[in-house]
Amino acid sequence: MPVITNIEDLRVLAKKRVPRMFYDYADSGSWTESTYRANESDFQKIKLRQRVAVNMENRSTATTMIGQPVAMPVAIAPTGLTGMQHADGEILGARAAKKFGIPFTLSTMSICSLEDVAAGTDRHPFWFQLYVMKDRAFIESLIDRAKAANCSALVLTLDLQILGQRHKDLKNGLSAPPKPTLATILNLMTKPRWGLGMLGTKRHGFGNIVGHVKGVENMGSLSEWTAKQFDPALNWGDVEWIKKRWGGKLILKGIQDVEDAKLAVNSGADALVVSNHGGRQLDGAMSSISCLPEIVAAVGKQIEVHMDGGIRSGQDALKAIALGAKGTYIGRAFLYGLGAMGEEGVTKALEIIHKELDLTMAFCGRTDIKAVDSSIFVPGTY
Ligand SMILES: Cc1cc2nc3c(=O)[nH]c(=O)nc-3n(C[C@H](O)[C@H](O)[C@H](O)COP(=O)(O)O)c2cc1C
């Protein structure tokens with residue numbers, strides 16, 4: 001077993017252990033992947049100021065996101081098909097997040113259902129991410145199920161009215177469960193741990209959907225249904241309707257533009273997430289971290305601003321916080337931990353990020369995450 005000291009180690013191990021179609025699904029962006037790459041590389045351009053002889057005892061990374069206490073301002077992002085990276089992946093991720101004291105967000109397109117995650121975490125509150133589908137009765141039932149599952153925030157994703165294209169997914173014939181082609185079977189034979197895990201669970205399809213929508217009993221009819229169901233007509237009127245129907249904390253995810261950020265404020269949401277869906281939707285868009293300062297300047301006093309995209313270390317998370325984000329999310333860093341080592345791997349990913357965040361804060365001469373601002377940066381580098 002290799003010694004795991006950073007997120008890259010988890011990525012390498014996940015690549016070995018997770019079937020190719022699901023590893024590729026995580027480790028890819030749309031079209032040329034330029035935005036996917038920029039999300040990571042733009043963090044490197046921001047340089048930190050080292051401070052010395054500052055008392056660095058008694059440090060704290062604890063703060064709040066939408067008023068909820070968090071051990072560090074890093075939540076787990078919603079990711080579809082997580083239960084295909086590792087058997088029962090969403091339950092394991094939610095358990096690791098609960099133990100660490102950070103929010104876990106369940107995707108609409110998860111393998112484990114809302115009810116599975118609630119049962120698997122003794123009804124500890126988690127967040128639910130909603131995609132708006134044309135079938136409004138189904139949306140209403142999902143919102144009701146999220147309330148019944150004790151979800152403490154609804155994360156409404158606005159940047160997937162239509163699907164960005166990822167070449168690898170098309171070439172790999174991505175599906176859940178995988179279709180038994182010769183290439184897939186040969187690849188699965190090299191992933192015995194993954195296979196054993198899958199034999200031990202009954203959760204192999206989209207748990208929030210199969211059995212809850214009339215006519216969707218199996219994968220064939222499901223893929224047809226989802227292709228038709230994502231609603232290209234989604235608009236701010238729908239946001240208002242969903243806000244009313246949900247009635248709890250609402251986070252709007254997928255904001256990149258200042259004009260949209262202002263509309264998000266008008267909608268009365270509790271937070272917005274500066275996000276380009278991890279470079280999986282509009283390739284050629286700016287990196288998330290470079291969009292953040294302008295959005296914070298425009299609306300940061302009126303709404304809580306969160307961000308995700310490209311966070312692979314605690315340093316990255318700290319940079320986003322110093323630029324004004326009140327919270328961050330990790331997508332791939334979480335998935336790599338999960339694919340590499342299940343729940344233990346997610347915990348490892350969170351520990352790595354926490355340690356890097358805490359030590360970087362100390363090197364910059366700060367002891368409280370709540371007091372970190374852009375004065376930790378070298379002027380002209382951010
Ligand atoms: C494999 C994968 C699946 C995703 N599925 C969803 C999803 O179902 N809903 C959603 O709102 N965002 C989804 N996202 C986007 C993430 O929530 C998040 O915005 C992104 O992963 C952040 O970038 P990072 O992976 O670089 O941390 C997905 C991302 C990945 C990598």
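Whatever order the structure lists ligands and atoms in, that order sets their numbers, starting from 1. Worth knowing before you read on, the calculation uses all heavy atoms, side chains too, and leaves out hydrogens, waters and symmetry mates.
Asp169 pairs in a side chain to side chain donor-acceptor pair (under 3.5 Å) with only one of the listed residues (Lys171, Arg166, Gln165), which is Arg166.
Within the structure, side chain to side chain donor-acceptor pair (under 3.5 Å) contacts touching residues 184-199 (residues at least two apart or in different chains) are Thr181-Thr184.
Take Arg312 and apply the salt bridge (charged side-chain N to carboxylate O under 4.0 Å, His left out) test, not counting sequence neighbours, and it matches Glu40. For Tyr131, the ring pair (Phe, Tyr, Trp, His ring centres under 6.0 Å) partners two or more places apart in sequence, or in a different chain, are Phe230.
For Ile185, the CD1 atom sits in a packed shell: over 12 heavy atoms of surrounding residues, nucleotides or ligands are nearer than 6.0 Å.
Within 4.0 Å of ligand 1, contacts by protein heavy atoms are made from Tyr25, Ala26, Ala77, Pro78, Thr79, Gly80, Ser107, Gln129, Tyr131, Thr157, Lys253, Ser275, His277, Gly278, Arg280, Asp308, Gly309, Gly310, Arg312, Ile330, Gly331, Arg332, Leu335.
With values rounded to the nearest 0.5 angstrom, Ile102 atom CD1 is found 9.5 Å from Phe334 atom CZ.
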